[in-house]
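Note that the coordinates shown come from a computational prediction; the quantities given were computed from them, not determined experimentally. Protein chains get the first letters and strands the later ones, always in sequence-line order, with residue 1 at the start of each. Heavy-atom basis, side chains included; hydrogens, waters and symmetry copies ignored.
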2 protein chains.
Amino acid sequence: MRTLQAQVGSAPHALGGPTGKTIALAPSLDVPGFVMRFVHNEEIFAEEEDADFVYQVVSGAVRDVRLLSDGRRHIGAFHMPGDVFGIECGSRHLCSAEAVVDCQVALVRRSALERAVQADPAAGRSLWQITARTLERLQDQLLLLGRKNAVERLASFLVRLCRAAGGTDSVDLPMSRCDIADYLGLTIETVSRTFTQLERDHAISIPSARRILLHDRAALLELSGVG
Amino acid sequence: MRTLQAQVGSAPHALGGPTGKTIALAPSLDVPGFVMRFVHNEEIFAEEEDADFVYQVVSGAVRDVRLLSDGRRHIGAFHMPGDVFGIECGSRHLCSAEAVVDCQVALVRRSALERAVQADPAAGRSLWQITARTLERLQDQLLLLGRKNAVERLASFLVRLCRAAGGTDSVDLPMSRCDIADYLGLTIETVSRTFTQLERDHAISIPSARRILLHDRAALLELSGVG
DNA sequence: CGTCCCCTTGAGTTATTTCAACACTCGTGG
DNA sequence: CCACGAGTGTTGAAATAACTCAAGGGGACG
């Protein structure tokens, strides 16, 4: 697989070219940058790689991945359109990021971001809010992984996706059962069985593996453990 | 148990009084504030409470606690002297904080912090770094809860404590087995058995329940899954 | 000296994992 | 058009890591 460095160097996928475009990471946080495409499962950046860029999903979905020495995989987060990811306080990335499906991702140089923050206090506040919101989401995930059972994990996951999608009753899953399992700290088999169980209990229906209809949202919220 | 509001109102524990003192939250982040004492298990702030203050451990240890509706408890983090906690991006606290042992805690008004950040760009950067570092620690914890077994969790925990204590081979545990269990997503029995197992395997020795000697640090690091 | 709290240990149970088999979808190419 | 294979998802049966329940040990403190 081609490295990001190589891609950026020649910018074969860059849309609109590496100059001229401005990325709106958040209100009052517009930074010069450019957009690149990544295909299904392509690596966006690697663990330990220099964190020279900050990223924002334009379309598609992205996952943060970490590996244990024996190959066990963990997904720290999924990023949806509008989400900013790859922000680090050190100089290197602590996890890798991969395209869950074909994606467009905006890249902003960290140096450019820092310049923007120094020039405008409101930009600094925006950057802090992005970071702090990421932190809050992680805390929910900690509780989920630390104290919830399989049904509660999957119910929480579906409720979150539903909210992120604007509250519709139909949820499209861009990610595989394997991704869901590695995100929820379960195995694919348990995820699959739990989907089936939720369907049997009339909380959801599953027209196809990647599309879920939330039938009884109140029941799901109850099942999620409310936390 | 008396509420924080009541305490701050009358400031019965305030050391040096609510005025005059400056708290050094981080390099170039000095904010007016005051220090309070909290006794063993006392609540510092509650979930859902207005986040009017930001806190820093002066001495002792603090835990972040969240509860599920049926009473299951989860500890999101332990805070040691120097650590800043209770920072929120919304207006309310998402978890409660409690004194693991008798503590001294510095309090800074959020409004004062915001003033300091507006007055000095370096202060803003410091605040962001505190937040980003908190985020990085949580990511390790996610991996631990999502993919590590009991031995790996406890080994990781001990290695971290050892590092936080400056790398000595002897670690003092301010927290109970119950706290450790709720932090590592286990039960007290499993934590206790795993301590015993690590001792049998000559990775540690346990002169008393609250004091651990790390015998074979390399082995512990290996056991922790290196992640 | 007794009580309380915390910790440890044992035995049996259970939720989840592991291993294995099979079904479905979707391109590709004969 | 159908066969084929790869990738993905589902389901069953057996194994296991961790949990639950229960009992007992030991230190702190009044």
Side-chain angles (χ1 to χ4, degrees), chain A residues 39-42 63 68 70-75 98-102 144-155 157-158 171-201 204-212 223 225, chain B residues 39-41 63 68 70-74 100-102 144-155 157 172-201 204-212 223 225:
Chain A
V39 301
H40 182 53
N41 287 338
E42 191 175 354
R63 61 176 175 252
L68 251 30
D70 65 353
R72 274 171 290 174
R73 192 179 78 141
H74 178 250
I75 293 183
E98 300 169 354
V100 173
V101 293
D102 291 356
L144 182 151
L145 293 175
R147 283 293 176 232
K148 290 186 182 179
N149 63 28
V151 171
E152 293 167 333
R153 290 182 196 196
L154 198 58
F157 178 64
L158 290 174
V171 177
D172 276 298
L173 302 177
M175 66 292 281
S176 67
R177 295 291 186 268
C178 184
D179 283 343
I180 297 173
D182 288 341
Y183 179 59
L184 298 181
L186 301 169
T187 60
I188 39 173
E189 293 95 333
T190 300
V191 168
S192 181
R193 276 187 253 270
T194 307
F195 266 120
T196 307
Q197 181 184 338
L198 287 177
E199 189 175 31
R200 267 201 310 270
D201 297 348
I204 64 175
S205 59
I206 313 178
S208 83
R210 298 295 184 100
R211 164 172 287 272
I212 308 293
L223 284 174
Chain B
V39 302
H40 182 52
N41 288 337
R63 60 177 176 252
L68 250 30
D70 66 351
R72 276 172 289 174
R73 192 179 79 141
H74 179 249
V100 172
V101 293
D102 292 355
L144 181 151
L145 293 175
R147 284 292 176 234
K148 290 186 182 178
N149 63 29
V151 171
E152 291 166 335
R153 291 182 197 197
L154 197 58
F157 177 65
D172 276 298
L173 302 178
M175 67 292 283
S176 67
R177 294 291 186 265
C178 184
D179 282 343
I180 296 173
D182 288 340
Y183 179 59
L184 298 180
L186 301 169
T187 59
I188 38 173
E189 293 95 335
T190 299
V191 169
S192 182
R193 275 187 252 271
T194 307
F195 266 120
T196 308
Q197 181 183 339
L198 287 177
E199 188 175 32
R200 267 202 310 271
D201 297 347
I204 64 176
S205 58
I206 313 179
S208 83
R210 298 295 184 101
R211 163 171 288 272
I212 309 292
L223 285 175

What nucleotide among C:dT18, D:dG9, D:dT20 has an atom nearest to a side-chain atom of A:Ala209?
D:dG9
Closer than 4.0 Å, any side-chain N/O of B:Thr196 to the OP1 or OP2 of C:dT9?
yes
Does B:Arg210 have a side-chain nitrogen or oxygen under 4.0 Å from the phosphate oxygens OP1 or OP2 of C:dC7?
yes
Euclidean distance, atom CG of residue B:Leu173 to atom C1' of C:dC6 [Å, nearest integer]:
14 Å
Verify the contact: side-chain N or O of B:Thr190 to OP1 or OP2 of D:dC19, cut-off strictly under 4.0 Å; return yes or no.
yes
Just how far, in rounded Å, is P of C:dT16 from CD1 of A:Ile188?
16 Å
Between A:Asp182 (CG) and D:dG9 (C1'), how many Å, whole number?
15 Å
Check: B:Arg193 side chain, D:dT20 base, donor-acceptor under 3.5 Å
yes
Ignoring hydrogens, what is the shortest heavy-atom contact between A:Phe195 and A:Leu154? Give both atom names and the distance.
N-CD2, 3.6 Å
What heavy-atom pair brings B:His74 and B:Leu145 nearest, and what distance separates the two atoms?
NE2-CD1, 4.0 Å
If you check the A:Leu186 side chain, which of C:dT8, C:dT16, D:dG9 turns out closest?
C:dT16
Would you say the side chain of A:Glu189 and the base of C:dC19 hold a donor-acceptor pair, judged only by whether the two atoms sit under 3.5 Å apart?
yes
With nearest nucleotides of DNA chain D determined for B:Lys148 and A:Cys178 from heavy-atom distances, which residue corresponds to the more 5′ nucleotide?
A:Cys178
Regarding the side chain of B:Ser192, the nearest nucleotide among D:dT10, D:dT20, C:dC7 is C:dC7
